[in-house]
Amino acid sequence: MAITRGLTSRLFLSLTPSNLSTSFRKSSPMANALPAFDRSMSTKGVKERTSMEELRSLRMVTAVKTPYLHNGQFDLDTYDNLVSMQIAKGVEGILVAGTTGEGYLMTWDEQIMLIAHTVNSFGDKVKVIGNAGSNCTSEAITATEQGFAVGMDAAMHINPYYGKTSSDGLIAHYNSVLSIGPVIIYNVPTRSAHDIPPSVVEKFAENSNLVGIKECIGNDRVKMYTSKGLHVWTGNDEESHEARWECGATGLHSVAGNLIPGLMKELMFEGKNPSLNVKLTPLFDWLFHVPTPIALNTALAQLGVIKPVFRLPHVPVPVEKRREFVNLVKEIGRENFVGEKDVQVLEDDDFISVARY
């Protein structure tokens, strides 16, 4: 996440038509209502749109990748195609602009626009969770209000990072956003450098707007929370089978789902399947051998699903790792992966790295 990002009161006015794909300009009525997004939505309005029971029952959520055009702007046509492939395979929720979606490489204008576009295009088919987290409580509040104003079903909130705070500060921060609408607390110390202790999370156990916790610290923590009746999703694909079937997790916020949504749904929906889990483990290991979403971006490009464009500071994995992915696709079966093109090893010159976007 960026430490601070300026937020204008005139949301999206800086997003000129050249910055948006044709599909958004033609199909989204949101494009004509952007200046009104500074009005917040009440908690009552949120609950009338989606129930907490529905949010708490989501088993398979894909933390969707954000594809780019050659100039580094959003490729919304490709984004729509990727989300459609998730829905076709039975994914129940889409997490927009999270770590995998590179929300930390977006302006707030871009981030809220992408949430609005996802709601407008797919909100009747899938639950939309918007990343509204920030280390600045004021920005987190504003992003949450605007995300709900454009129709997201729940907000995901990492704890304040870099400029870390005390346990009392964490409680005050989360109370501020929980007062607005349904929130998923996101604990990922490898990103935030600060674990959210159970003593803090349990303070909100009775809060009617707490959907649950996305927990990345491990399955011991998952099991501890579920034993106390809290709803938990693991954010770790490699731990998801155990988390779901042995530790009581509701499900998974998945990176691998971008590539193999059908198999990940099977892993989360259809009971214990250790053989499938073992089969997918080499792919999980490959996806997370570098920080997410570097390997995922490379993989989707080699599958021909997205353009091979990276927003810096991300760059593709080295060619030997790109060859490993091609072999993994062949071992698991090309038919299990998104897209229809043959997987290929892209050369260094095939990739575009954009420094200003």
Side-chain angles (χ1 to χ4, degrees), residues 1-2 5 12 14-25 28 62-86 94-118 121 131 255-261 286-326 328-329 337-357:
M1 293 286 188
R5 288 178 285 177
F12 313 115
S14 63
L15 293 177
T16 62
S18 63
N19 292 338
L20 300 177
S21 77
T22 303
S23 68
F24 183 77
R25 294 199 304 271
S28 179
T62 296
V64 70
K65 154 69 180 168
T66 306
Y68 304 118
L69 299 168
H70 291 98
N71 62 1
Q73 296 295 331
F74 292 165
D75 183 353
L76 290 181
D77 293 323
T78 298
Y79 177 85
D80 290 352
N81 186 45
L82 184 56
V83 173
S84 294
M85 288 188 282
Q86 301 296 312
I94 295 293
L95 171 59
V96 182
T99 304
T100 306
E102 300 180 8
Y104 49 88
L105 299 183
M106 299 177 188
T107 65
W108 280 117
D109 289 359
E110 289 179 312
Q111 196 160 324
I112 302 299
M113 183 277 286
L114 190 59
I115 294 170
H117 174 77
T118 308
S121 300
N131 172 29
V255 176
N258 284 276
L259 298 172
I260 48 169
W286 185 88
L287 279 172
F288 301 110
H289 80 275
V290 287
T292 302
I294 295 168
L296 172 67
N297 296 357
T298 307
L300 286 168
Q302 294 203 148
L303 289 166
V305 174
I306 66 171
K307 297 174 179 64
V309 180
F310 282 70
R311 282 186 173 187
L312 288 173
H314 295 324
V315 295
V317 300
V319 66
E320 61 270 18
K321 286 294 184 179
R322 302 201 291 266
R323 293 192 188 102
E324 284 183 19
F325 176 71
V326 170
L328 285 169
V329 172
F337 286 78
V338 294
E340 297 178 352
K341 297 180 180 178
D342 290 338
V343 64
Q344 59 180 317
V345 178
L346 295 179
E347 301 299 328
D348 290 343
D349 291 344
D350 293 323
F351 290 96
I352 298 172
S353 297
V354 184
R356 300 185 70 175
Y357 33 81

S.K.: Are the side chains of Leu76 and Leu114 in touch, meaning some heavy atoms are under 4.5 Å apart?
M.R.: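 When only atoms from C-beta onward are counted, Leu114 and Leu76 do touch, with a gap below 4.5 Å.
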S.K.: Tell me, please, which residues at least two apart from Glu102 pass side chain to side chain contact (heavy atoms under 4.5 Å, CB included).
M.R.: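 For Glu102 the side chain to side chain contact (heavy atoms under 4.5 Å, CB included) partners, ignoring immediate neighbours, are Lys65, Tyr68, Tyr104, Leu105, Pro293, Asn297, Arg311, His314.
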S.K.: Given side chains that start at C-beta, do those of Phe325 and Val343 come closer than 4.5 Å, heavy atoms only?
M.R.: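 When only atoms from C-beta onward are counted, Val343 and Phe325 do touch, with a gap below 4.5 Å.
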S.K.: Kindly give the heavy-atom pair with the smallest separation between Gly101 and Met106, and that separation in Å.
M.R.: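 Distance-wise, the nearest heavy atoms are O-CE, 3.1 Å.
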S.K.: Tell me, with the steps shown, if Glu324 and Val317 meet side chain to side chain contact (heavy atoms under 4.5 Å, CB included).
M.R.: CA-CA 11 Å; Glu324 284 183 19; Val317 300; over 6 Å; no
S.K.: Is the shortest side-chain heavy-atom distance between Thr66 and Glu110 below 4.5 Å?
M.R.: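 Not touching, per the 4.5 Å side-chain cut-off.
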S.K.: Check whether Gln302 reaches the backbone of Val326 with its side chain - one donor and one acceptor, N or O, closer than 3.5 Å.
M.R.: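 Not confirmed, Gln302 side chain does not pair with Val326 backbone.
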S.K.: Output all residues satisfying side chain to side chain contact (heavy atoms under 4.5 Å, CB included) with Asp350, sequence neighbours left out; order by chain, then residue number.
M.R.: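 Per chain and number, Asp350 pairs via side chain to side chain contact (heavy atoms under 4.5 Å, CB included) with Leu346, Glu347.
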S.K.: Does Lys321 form a side chain to side chain contact (heavy atoms under 4.5 Å, CB included) with Thr298? I'd like the steps, not just the answer.
M.R.: CA-CA 10 Å; Lys321 286 294 184 179; Thr298 307; over 6 Å; no
S.K.: At their closest point, which heavy atom of Val315 faces which heavy atom of Ser353, and how far apart are they?
M.R.: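 Here Val315 and Ser353 meet closest at CG1-OG, 4.1 Å.
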S.K.: Any idea which heavy atoms bring Met85 and Pro261 closest together, and the distance?
M.R.: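 What the structure gives for the nearest pair is O-CG, 4.2 Å.
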S.K.: Apply side chain to side chain contact (heavy atoms under 4.5 Å, CB included) to Leu303 and Lys341, showing your working.
M.R.: CA-CA 6 Å; Leu303 289 166; Lys341 297 180 180 178; over 6 Å; no
S.K.: Does some side-chain heavy atom of Val64 sit less than 4.5 Å from a side-chain heavy atom of Leu82?
M.R.: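 The answer is yes; the side chains approach within 4.5 Å.
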S.K.: Is there side-chain contact between Thr62 and Asn258, with at least one heavy-atom pair below 4.5 Å?
M.R.: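 Yes, at least one pair of side-chain atoms sits under 4.5 Å.
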S.K.: What verdict does the side chain to side chain contact (heavy atoms under 4.5 Å, CB included) test give for Trp286 and Leu328, after you've listed the backbone C-alpha separation in whole Å, the side-chain angles of each residue and the deciding distance to 0.1 Å?
M.R.: CA-CA 9 Å; Trp286 185 88; Leu328 285 169; 3.6 Å; yes
S.K.: To check you understand the geometry: which heavy-atom pair defines the closest contact between Val354 and Asn71, and what is its length?
M.R.: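 Taking every non-hydrogen atom into account, CG1-O, 3.7 Å.
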S.K.: Are any non-hydrogen side-chain atoms of Leu259 and Leu300 less than 4.5 angstrom apart?
M.R.: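 In short, these two side chains touch, coming nearer than 4.5 Å.
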S.K.: Look at the aromatic rings of His117 and Tyr79 and report parallel, tilted or perpendicular, splitting at 30° and 60°.
M.R.: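 The arrangement is tilted - the two ring planes meet at 30° to 60°.
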S.K.: Could you give the distance from CD1 (Ile115) to CG (Leu95), rounded to the nearest 0.5 Å?
M.R.: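 Here the interatomic distance stands at 9.0 Å.
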S.K.: Among residues at least two apart in sequence or on other chains, which ones pass side chain to side chain contact (heavy atoms under 4.5 Å, CB included) with His70?
M.R.: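 If we apply the side chain to side chain contact (heavy atoms under 4.5 Å, CB included) test to His70, skipping adjacent residues, the hits are Lys307, Val309, Ile352.
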S.K.: Assess whether a salt bridge exists between Arg323 and Glu320, defined as any Lys/Arg side-chain N lying under 4.0 Å from an Asp/Glu carboxylate O.
M.R.: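 Looking at Glu320 together with Arg323, the answer is no, because their closest N to O distance does not fall below 4.0 Å.
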S.K.: Out of curiosity, Thr100 OG1 to Leu296 CG, how far, rounded to the nearest 0.5 Å?
M.R.: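 Reported value, rounded in 0.5 Å steps: 6.5 Å.
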S.K.: Please answer whether the main-chain N or O of Phe288 pairs with a side-chain N or O of Thr292 as donor and acceptor at a distance below 3.5 Å.
M.R.: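 Looks like no, no N/O pair under 3.5 Å.
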S.K.: Spell out, as yes or no, whether a donor-acceptor pair under 3.5 Å connects the side chain of Tyr357 to the backbone of Leu312.
M.R.: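 Between the backbone of Leu312 and the side chain of Tyr357 there is a qualifying donor-acceptor contact (under 3.5 Å).
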S.K.: Please check if atom CD in Glu340 has more than 12 non-hydrogen atoms from other residues, nucleotides or ligands closer than 6.0 Å.
M.R.: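 Not more than 12 within 6.0 Å, no.
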